[in-house]
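Order of appearance sets the numbers: ligands from 1, and atoms from 1 within every ligand. Basis for what follows: all heavy atoms, side chains included, without hydrogens, waters or symmetry-related copies. Numbers here are sequence positions counted from 1.
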Amino acid sequence: MNADPLEIQKFSELAHRWWDPTSEFKPLHEINPLRLEWINARAALSGKKVIDIGCGGGILTESMARKGADATGIDLSDKALKVADLHSLESGVQVRYELIAAEDMAAREAGQYDVVTCMEMLEHVPDPGAIVKAAATLVKPGGHVFFSTINRNPKAYLYAVVGAEYLLRMLPKGTHDYGKFITPSELAQFVRAAGLQVDGLKGMTYNPLTKIYSLNQDTSVNYLLACSRPL
Ligand code: SAH
């Protein structure tokens, strides 16, 4: 299977704190409004059938459902999915969560989604190209696919590993493995090989002094890629 058991375990151990905005998941809470608006501006989520691959505790999934999307979240961490499910019940937002690999979901529900999202997940899997392919299979012709991950270069190592895990201690040590980071051109190659087209690339930066995240043209560390499946 295209999953690293240690990665799944890492997220499962922290899962009970997923919705605590001061926890290890604080960065996901803080970037969520930015990525949600970026996705919504490009894909007009209301009424759309959406699948979120590697949804974890459902921060993005639930927020897309709040925008009116018919949202499904999939992950391989049972604990994270249970937390996601409980949270959606508590907040009264309708979301469907399922423990299933992206590739298996693609075989079962090919071409059924208007929008596919896969955020902060590709850098945790052995074969990210296969996840991109599954995303491309899940989306309808004309539909949108959104990815986010971490670039691979000395600055990304300094900011995403040394800075975030060791200096600022925003993330637990060992959260990210530099060798698994993916450059935008590598991701674009996976995307094109899967039959998708690249529509836009956006950078995301964190200012440790103001503690503010922003979307901009600086793709050197964190970035998002907007794609679509041609009609
Ligand atoms: N996408 C969410 C969570 C990111 S954390 C967000 O951005 O808010 C990374 C998630 O990827 C975790 O929930 C982890 O369990 C999941 N994950 C890691 N490897 C996976 C795999 N091979 N298949 C499915 N999910 C995976």
Closest protein heavy atom (residue, atom, distance) for [atom]:
{"atom": "atom 5 (S) of ligand 1", "result": "Phe11 CE2, 3.5 Å"}
{"atom": "atom 3 (C) of ligand 1", "result": "Gly54 O, 3.3 Å"}
{"atom": "atom 9 (C) of ligand 1", "result": "Glu120 O, 3.5 Å"}

For ligand 1, which atoms, with element, lie under 4.0 Å from some heavy atom of [X]?
{"X": "Val125", "result": "19 (N), 20 (C), 21 (C), 22 (N)"}
{"X": "Gly56", "result": "13 (O)"}
{"X": "Ser77", "result": "15 (O)"}
{"X": "Ala3", "result": "22 (N)"}

Heavy-atom distances under 4.0 Å decide this one: backbone, side chain, both or neither, for [X] against ligand 1?
{"X": "Trp18", "result": "side chain"}
{"X": "Ile8", "result": "side chain"}
{"X": "Glu7", "result": "neither"}
{"X": "Leu28", "result": "side chain"}
{"X": "Cys55", "result": "backbone"}

(request) Output the distance between atom CZ (Phe147) and atom CG (Leu122), rounded to the nearest 0.5 Å. (result)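 These two atoms lie 6.0 Å from each other.
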Which heavy atom in [X] sits nearest to a heavy atom in [Y], and how many Å separate them?
{"X": "Ser77", "Y": "Asp75", "value": "N-OD1, 2.9 Å"}
{"X": "Tyr213", "Y": "Pro27", "value": "OH-CB, 3.4 Å"}
{"X": "Ala101", "Y": "Met1", "value": "CB-SD, 4.5 Å"}

(request) Determine, using heavy atoms of Arg35 and all atoms of ligand 1, whether some pair is separated by less than 4.0 Å. (result)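 A heavy atom of Arg35 does come that close to ligand 1.
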(message) When you compare the side chains of Asn32 and Glu30, does any donor N or O come within less than 3.5 Å of an acceptor on the partner?
(response)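 Short answer, no.
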(message) Measuring from atom 15 (O) of ligand 1, which candidate in Ile100, Asp75, Leu122, Thr175 has the nearest non-hydrogen atom?
(response)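 Checking each option, the heavy atom nearest atom 15 (O) of ligand 1 is found in Asp75.
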(request) Name the option, out of Met119, Met105, Met121, that contains the heavy atom nearest to atom 25 (N) of ligand 1. (result)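 Minimum heavy-atom distance to atom 25 (N) of ligand 1 goes to Met121.
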(message) Taking the six-membered ring of Tyr159 as reference, does the cationic atom of Lys155 (NZ for Lys, CZ for Arg) lie under 6.0 Å from its centre and within 45° of its axis?
(response)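 Verdict for Tyr159: a cation-pi partner in Lys155.
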(message) Would Asn2 count as being in polar contact with ligand 1, using the rule that some N or O on each side must be under 3.5 angstrom apart?
(response)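 The answer is yes, given that Asn2 and ligand 1 share an N or O pair closer than 3.5 Å.
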(request) Using a strict cut-off of less than 4.0 Å between a Lys/Arg side-chain nitrogen and an Asp/Glu carboxylate oxygen, indicate whether Glu103 and Arg108 qualify as a salt bridge. (result)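 Salt bridge absent between Glu103 and Arg108.
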(request) Is it possible for you to say whether Met105 and Val139 belong to one hydrophobic cluster, with membership spreading through side-chain heavy-atom contacts below 4.5 Å? (result)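 Yes: a chain of side-chain contacts under 4.5 Å links Met105 to Val139.
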(message) Centre-to-centre under 6.0 Å for His87 and Trp18, is that the case here?
(response)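 Here the rings of Trp18 and His87 have centres that are no less than 6.0 Å from each other.
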(message) Is it the case that the ring center of Trp38 lies less than 6.0 angstrom away from the ring center of Phe146?
(response)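 Yes, they do, as the ring centres are separated by less than 6.0 Å.
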